[in-house]
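Reviewing the structure listed below.
Numbering of ligands and ligand atoms starts at 1, following listing order. Residues: numbered from 1 along the sequence shown. These numbers come from the heavy atoms of this one structure, side chains and all, not from hydrogens, waters or symmetry mates.
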Amino acid sequence: MASDATTRRPLDGRRILLGITGSIAAYKAAVLCRLLKTAGADVRVVMTPLAKQFITPLTMATLSKNPILVEFFDPENGAWNSHVALGEWADCYLIAPATANTLAKMATGVADNLLLTTYLSARCPVVVAPAMDLDMYAHEATQQNLRTLAARGVRIVEPEEGELASGLQGKGRMAEPDRIAAFVGGLLDEKKKTLAGKRLIVTAGATIEAIDPVRFISNHSSGKMGYAIAGELAARGAAVTLVTGRTSLPTPAGVERVDVLSAAEMYEAAVGAFDASDGAVMCAAVADYTPAHVSDTKIKKGDGGLTIELRRTRDIAAELGARKGDRVLVGFALETDDEEAHAEAKLTKKNFDFIVLNSLRDPGAGFRGDTNKVTLIDRAGREELPLMSKREVAARIADKLETILK
Ligand code: C5P
């Protein structure tokens, strides 16, 4: 179901990696997966080999609508299941149920299955929902492992008291799926609000410069990168004004959208909103030249060639850079040659705090696609990021922007 501001669900757009280990409570992971999906989350599932004895990969694949990951590589075709990519993809790694064995391995850094290697490389918040017999749970070894994990920032959804699979009564039953789902929702909400109270502008998409009532000059920008950034900043609680050229993209939830056509209109909208803002991300592909005269009527073709006189447009980013004060300003550079030198020159010239360089030479980077490969450059140095989705790039840009705003 498409979601907009009115139909927004609590976990819309959130990516949850659900880890399942070999406990009888694994059957509850099916309900948990459904709850997360119904709340709007994109769910991927990684299972330990033993977990497959408790709940089938088919069940979890059907509920999560994604293939299940168990092995380091697919034995059929050798395709590698990258634990690094999984960890990067997730907004939250939820291991439910988490057995005493898996908790012990997590605490000591054992990496003998995909679920564990993913834990070791994950940068997102990690949540565990322990499930085991009461004596195993109470054992000092388990308790110490839980303390170690908690001290490292792992969040624990405490098990509940009640009847256990062994028939005994006590603490060790995995928390009910609705409690776990609510915990994850709350955690992601906390994460989201890191930009609450901030007002940010994002420019996105291509501008359109009219030649006559029919023709125009424009470029290939799809707006996807800028829209992903606007969505990410809004999801983190910022009040976002998205000044956008023409695109076919839906407005990200919670974003105020201002539609413009030409570079001149984008200039007015962005400069007008800048004083009252905490900063701007300049993602738009703005025309550098516009026809010096726009014909009121359709230009008729003749036998010879046609020359259209162009004049420079105003540089919106440079104007904001001159008025910047202590606001944050992020720019983009799309280069085809001598990339880093050109990007560094723009960083200084336009007074950006940092600039996001994409090179058209990199496969998977640039226009239209859903992935991008960028280098973040500031005055202190460069950080080259691997190929990732535009959403992930947006999250990295938002992370860096947050550290500057603080
Ligand atoms: O100089 P160049 O166009 O390569 O600079 C790219 C950066 O400047 C981008 O952040 C782009 O959004 C911004 N820009 C702008 N107004 C212009 C031209 C570029 O805001 N007229």
Side-chain angles (χ1 to χ4, degrees), residues 200-210 216-230 233 240-247 249 258-275 277 279-292 310-324 327-362 365-367 372 374-379 382 390 393-394 396-398 400-401 404:
L200 295 166
I201 300 162
V202 178
T203 66
T207 58
I208 288 181
E209 308 300 323
F216 57 79
I217 298 171
S218 191
N219 60 68
H220 290 301
S221 170
S222 65
K224 282 184 180 172
M225 192 63 247
Y227 275 58
I229 292 170
L233 298 175
V240 178
T241 304
L242 174 62
V243 182
T244 174
R246 191 193 286 167
T247 75
L249 300 170
V258 179
D259 284 280
V260 296
L261 278 180
S262 65
E265 285 178 26
M266 186 171 275
Y267 180 97
E268 294 304 328
V271 173
F274 193 58
D275 279 352
S277 79
V281 181
M282 313 305 289
C283 200
V286 187
D288 293 322
Y289 293 92
T290 190
L310 301 176
R311 61 171 172 78
R312 279 294 308 267
T313 55
R314 283 190 286 184
D315 192 316
I316 308 165
E319 177 62 30
L320 300 193
R323 301 164 173 240
K324 181 174 163 317
R327 292 177 195 82
V328 62
L329 191 61
V330 181
F332 272 73
L334 179 70
E335 306 293 339
T336 53
D337 61 290
D338 213 0
E339 292 89 341
E340 295 190 347
H342 280 130
E344 272 166 12
K346 281 173 197 171
L347 176 77
T348 315
K349 187 169 162 226
K350 305 198 188 196
N351 200 16
F352 292 136
D353 289 280
F354 68 96
I355 190 158
V356 184
L357 166 65
N358 17 180
S359 164
L360 274 189
R361 284 198 224 178
D362 283 318
F367 300 124
N372 208 355
V374 304
T375 304
L376 308 183
I377 304 176
D378 61 17
R379 284 165 187 79
R382 299 166 188 174
K390 286 187 172 169
V393 174
R396 294 298 191 87
I397 291 168
K400 193 165 171 72
L401 186 147
I404 296 167

Does an N or O from A287, backbone or side chain, lie closer than 3.5 Å to an N or O of ligand 1? no
Is there a heavy atom of A284 sitting under 4.0 angstrom from any atom of ligand 1? yes
Is a salt bridge present between D353 and K400, judged by a nitrogen-to-oxygen distance below 4.0 Å? no
Out of F352, Y267, F332, who gets a non-hydrogen atom closest to atom 6 (C) of ligand 1? F332
Among E319, R314, K350, which one puts a heavy atom closest to atom 8 (O) of ligand 1? K350
Look at atom 13 (C) of ligand 1 and say which protein heavy atom is nearest, naming residue and atom and giving the distance to 0.1 Å. A317 CB, 3.6 Å
Scan side-chain atoms only and decide if Y227 and T244 contain a donor-acceptor pair under the 3.5 Å cut-off. yes
I'd like to check whether T203 has a polar contact with ligand 1, where a contact means an N/O of the residue lying under 3.5 Å from an N/O of the ligand. no
R311 to Y289 six-membered ring, cation-pi geometry met (6.0 Å, 45°): no
Checking side-chain contact (heavy atoms from CB on, under 4.5 Å) between V286 and each of T203, I316, N219, which is the one that passes? I316
Tell me the protein heavy atom at minimum distance from atom 10 (O) of ligand 1, and give that distance in Å. M282 O, 2.6 Å
Heavy-atom nearest neighbour in the protein, as seen from atom 16 (N) of ligand 1, with distance rounded to 0.1 Å: I316 N, 3.0 Å
G331 heavy atoms, cut-off 4.0 Å: which ligand 1 atoms fall inside? 10 (O)
Separation between CD (E344) and CZ (R379), nearest 0.5 Å, reads 10.5 Å
Measure the spacing between CG of L200 and CG of L233 and express it to the nearest 0.5 Å. 5.5 Å
Identify the protein heavy atom lying closest to atom 17 (C) of ligand 1, giving its residue, its atom name and the separation to 0.1 Å. V286 CB, 3.5 Å
Taking the six-membered ring of F274, is NZ or CZ of R323 closer than 6.0 Å to its centre and within 45° of its axis? no
Which residue and non-hydrogen atom of the protein lie closest to atom 4 (O) of ligand 1, and at what distance in Å? K346 NZ, 2.4 Å
To the nearest 0.5 angstrom, please state how far the CZ atom of R314 sits from the CD atom of E319. 7.5 Å
